Number of protein chains: 2
Amino acid sequence: MATPLEKARKDPESMKARILHIARRFFGEYGYHGTTTRMIAKEAGIDISTLHYHWGDKKDLYEAVIVDINKDLGQKLMAVEKRIHGLPLDQRMAIAIDAMTDYLFKFPEVSNLVLFHYFNKTRDALDLRVPEFTADIARSMGLTRDRKTTSPRAKIEVLAVMNAIHNFISGEKFFRPIVNLNRKDYISIVKETLKFVLIGSFVEREKKQKSS
Amino acid sequence: MATPLEKARKDPESMKARILHIARRFFGEYGYHGTTTRMIAKEAGIDISTLHYHWGDKKDLYEAVIVDINKDLGQKLMAVEKRIHGLPLDQRMAIAIDAMTDYLFKFPEVSNLVLFHYFNKTRDALDLRVPEFTADIARSMGLTRDRKTTSPRAKIEVLAVMNAIHNFISGEKFFRPIVNLNRKDYISIVKETLKFVLIGSFVEREKKQKSS
DNA sequence: TTATTTTTCCATCAAAAGATGGAATCAATG
DNA sequence: CATTGATTCCATCTTTTGATGGAAAAATAA
């Protein structure tokens with residue numbers, strides 16, 4: 001209730017929330033510099049000054065968007081972790097890939113913004129610290145020996161897995177024409193491929209480790 | 001010799017080539033809208049009008065950059081293909097991953113721009129058709145049954161592999177602090193991880209197919 | 001209803017960014 | 001050297017974009 005962002009998330013009917021929601025999509029598609037406050041305002045059917053009234057300047061709005069999607073992503077990851085807890089690794093990964101893929105295809109701005117944040121600098125040095133889930137996912141995938149530390153190798157492996165998923169969501173516009181499939185078929189072939197590529201190695205390694 | 005781009009590539013000392021080279025880096029780091037012609041001109045130590053004199057407007061320059069990096073990438077892929085031709089799959093993939101990773105870490109703008117192109121729209125509708133290597137790589141990986149067609153599944157698998165590589169190059173600024181490694185160690189752990197994650201499944205499948 | 005607060009829009013600004021004409025400079029050629 | 005052509009820069013323009021003050025409108029409270 002304290003922060004303006006929390007208020008906006010609470011009441012999704014409010015103008016404030018409406019702007020945030022549209023801003024998510026635009027920043028996701030066009031990036032920070034590629035999106036203008038006018039684009040967002042126009043889509044919302046309001047004047048730019050109204051946008052500034054609610055969110056301050058562009059940077060503030062962008063920051064709110066980043067925090068917002070990270071909150072969503074974190075919640076989703078926690079929910080998935082709950083579902084897969086205790087299952088054997090192959091099932092754990094398969095279910096997680098299915099669930100995350102479905103979720104992200106429903107909210108592609110999340111993937112867009114995550115990747116955008118990884119790969120692009122903004123001229124205006126706006127370095128917001130983004131919450132980090134790699135360690136948690138590594139734990140959930142059973143890649144950590146002890147509870148407290150996560151090895152670089154484990155983190156890199158997690159990044160490989162997460163990015164593989166994000167890529168196919170964000171790249172849909174580009175990849176789908178290449179494979180010439182409708183959306184539904186694209187999604188299902190992506191899921192299959194991700195599971196094929198990503199699960200095998202981890203399961204195989206676990207087998208070896210157990211036998212030794 | 002015909003096109004201006006080819007001329008610039010031939011004579012890397014020329015102002016034209018110099019601008020192109022700097023533009024590659026800037027567009028790669030900041031994206032199309034995040035880069036201004038002034039930034040590029042300043043870095044080159046020239047006036048914007050000189051830039052316009054050589055390359056026309058911003059869109060033209062960006063287009064030249066995209067064509068340029070795709071030419072480089074295509075050449076590199078062909079060279080790698082030559083080296084691995086005829087070897088067994090696991091070696092083929094390991095060598096290719098090593099070679100491409102080394103190359104891309106040396107010219108990260110290539111990965112940056114490829115991913116940028118996948119994941120971001122530009123306001124100004126500039127849709128340049130980009131040469132496509134998925135089919136060739138699929139053939140090189142032995143994923144195509146007959147010579148002429150490449151299945152959607154094979155293409156998606158290739159994209160998964162290529163993107164996994166690009167991600168770690170483009171994401172270095174973001175990922176390296178997460179794992180807290182120096183550049184050299186980061187590169188080597190990325191290579192190891194890529195090989196670990198990507199090769200296993202393909203080799204396993206090939207084994208099964210051969211035995212049946 | 002009236003007063004107060006919140007929200008919205010209109011008009012406008014200043015800075016940033018893309019672009020260009022034309023003068024000045026430099027390089028090559030006869 | 002003088003002439004020609006290519007290159008570069010300066011000054012300037014226009015459009016876009018982020019931002020704001022203050023009036024109008026809408027919502028809320030008294």
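Every chain is numbered from 1, with letters handed out A, B, ... down the list of sequences. Predicted, not measured: the structure shown is a model, and the values here were computed from it.
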field: chain B footprint on DNA chain D, 5' to 3' - any atom under 4.0 Å from a heavy atom
entry: D/dA6 to D/dT17

Spacing of CZ belonging to A/Phe175 relative to CD1 belonging to A/Ile169, to within rounding of 0.5 Å: 10.5 Å

- request: Write down the distance between CZ (A/Arg18) and P (C/dT8), rounded to a whole number of angstrom.
  value: 10 Å

query: Do A/Asp146 and A/Thr149 get their side chains close enough for a donor-acceptor pair, meaning under 3.5 Å?
result: yes

message: Run the side-chain hydrogen bond (donor to acceptor under 3.5 Å, both in side chains) test against A/Glu172 and tell me which residues pass, sequence neighbours left out.
response: A/Arg176, A/Arg183

message: OP1 or OP2 of C/dT8 versus the side-chain N and O atoms of A/Tyr53: is any pair under 4.0 Å?
response: no

message: If I take atom CE in residue B/Met15 and atom C1' in nucleotide C/dA27, what distance separates them, rounded to the nearest angstrom?
response: 14 Å

- request: I would like to know whether A/Glu109 and A/Phe27 meet side chain to side chain contact (heavy atoms under 4.5 Å, CB included); could you show each step before the answer?
  value: CA-CA 8 Å; A/Glu109 7 32 291; A/Phe27 282 129; over 6 Å; no

Can you check nucleotides 14-18 of chain C for protein contacts, nitrogen or oxygen pairs under 3.5 Å, and list what you find?
{"unit_1": "C/dA17", "atom_1": "OP1", "unit_2": "A/Arg123", "atom_2": "NE", "d": "3.0"}
{"unit_1": "C/dA17", "atom_1": "OP1", "unit_2": "A/Arg123", "atom_2": "NH2", "d": "2.7"}
{"unit_1": "C/dG18", "atom_1": "OP1", "unit_2": "B/Lys58", "atom_2": "NZ", "d": "2.7"}
{"unit_1": "C/dG18", "atom_1": "OP2", "unit_2": "B/Thr37", "atom_2": "N", "d": "2.9"}
{"unit_1": "C/dG18", "atom_1": "OP2", "unit_2": "B/Thr37", "atom_2": "OG1", "d": "3.1"}
{"unit_1": "C/dG18", "atom_1": "N7", "unit_2": "B/Arg38", "atom_2": "NH1", "d": "2.7"}
{"unit_1": "C/dG18", "atom_1": "O6", "unit_2": "B/Arg38", "atom_2": "NH2", "d": "3.2"}

- prompt: Counting only N and O atoms by type, is there a donor-acceptor contact under 3.5 Å from the side chain of A/Thr101 to the main-chain atoms of A/Lys191?
  reply: no

- request: Report yes if at least one side-chain N or O of B/Ser49 is closer than 4.0 Å to OP1 or OP2 of C/dT20; otherwise report no.
  value: no

- request: For the residue pair B/Thr122 and B/Asp124, confirm or rule out a side-chain donor-acceptor distance under 3.5 Å.
  value: no

task: Could you tell me whether the side chain of B/Ile187 reaches within less than 4.5 Å of the side chain of B/Phe168, counting heavy atoms only?
output: no

- request: Look up atom OH in B/Tyr32 and atom CG in B/Leu113, then write down how far apart they are to the nearest 0.5 Å.
  value: 13.0 Å

